[in-house]
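In what follows, a structure is listed as structure tokens, so that the remarks can point back to it.
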Amino acid sequence: MKRFIWLLLAALWSVPAGAQGKLNVVTTTEDLASITREVGGDRITVEAIAKGYQDPHFVEAKPSFILKLQKADILIVVGRELEIGWLPPLIQQSRNAKVQPGGEGYLDASLHASILEIPAGQVTRAMGDVHPSGNPHYWLDPENGKKIAKDVADKFSERRPNDRAVFEKNLAAFTAKVDAGVKRWLADLAPYKDTKVVTYHRSFPNFAERFGLNIIGYVEPKPGIPPSPQHTLDLIAEMKRQNVKLILIEPYFDSKTPNAIARATGAEVIVMPPSVGGVKEATDYVALFDYDVRLLVDAIKRTGAK
Ligand SMILES: [Zn+2]
């Protein structure tokens, strides 16, 4: 008992004077949670709403998410309307002023990221369902991952000024880890520059631009629109014309159409996770790229894709 009391007192003393406890962070995706964990270290707790093996455009809203948001100090979102189909009512129903858009605890991670495919002119439904504000899968460029981390560090420092030095140190360590990774990934893929691929959804433009893949088409006719017979026939013809050997699909899409296209073209279907948690090996942000780059290099070698 004496020992217990001593431990209890030690635990209390270890909380520095003026400390407000750990920041309770909720992120919409596991990618953001991973980056947040690196930056926040032991000064925060973080939980992601969507799992990495789910389509982040279409997440089933559960009451438990509202409870998480009620207790959150900070909410970090991918933005660019990625979560528009499911997040706004959850935020609203949480009645937590801190995490409402514009609130002190709300962070849109896309603020300083480089965003591709921003539509010029008027946006119409004919352009597809889900990317009206540019491509929201920007975390798949590690340079954007570093920008996200910087914004997260700034937000944490704003909320917990006493811990600024900790967040800055963690940010520097994460940035160095990503930089080392980028060197490795670029070197691994350098011999296969401009390899032609098809992807299911427009998840990988940032990845392709950074690492030199040439995406010549998509299984979806438009973002968020399921495959149609005519589009599939056109895609098969184009793949044959350009001799495309790889079809990359995200883990949450039906492989029926991709498999049919593969049979018609002699290409191979590769399930490539766009998110941390998409496969069990993708345990964190850096591990995701390690996994995807290894997967691609192996597939390119195996199929002789060019
Ligand atoms: Zn998308």
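Every number for a ligand or one of its atoms is a count from 1 in the order of the listing. All values below come from the heavy atoms of this structure, side chains included, with hydrogens, waters and symmetry mates left out.
Protein N/O/S atoms nearer than 2.8 Å to the Zn ion (ligand 1) total 4.
Around CD of E209, the count of heavy atoms belonging to other residues, nucleotides or ligands within 6.0 Å does not exceed 12.
Taking OH of Y106 as the start and CD1 of I76 as the end, the distance is 11.0 Å to the nearest 0.5 Å.
Shown here are the side-chain hydrogen bond (donor to acceptor under 3.5 Å, both in side chains) partners of S34, two or more places apart in sequence or in another chain: there are none.
Within the structure, ring pair (Phe, Tyr, Trp, His ring centres under 6.0 Å) pairs that include any residue of residues 36-57 comprise H57-H131, H57-H137, H57-H201 (at least two apart or interchain). Counting only residues at least two apart or on different chains, the side-chain hydrogen bond (donor to acceptor under 3.5 Å, both in side chains) pairs with a member in residues 89-98 are D73-K98.
Within the 3.5 Å criterion, the main-chain N or O of I91 finds a donor-acceptor partner in the side chain of Q100.
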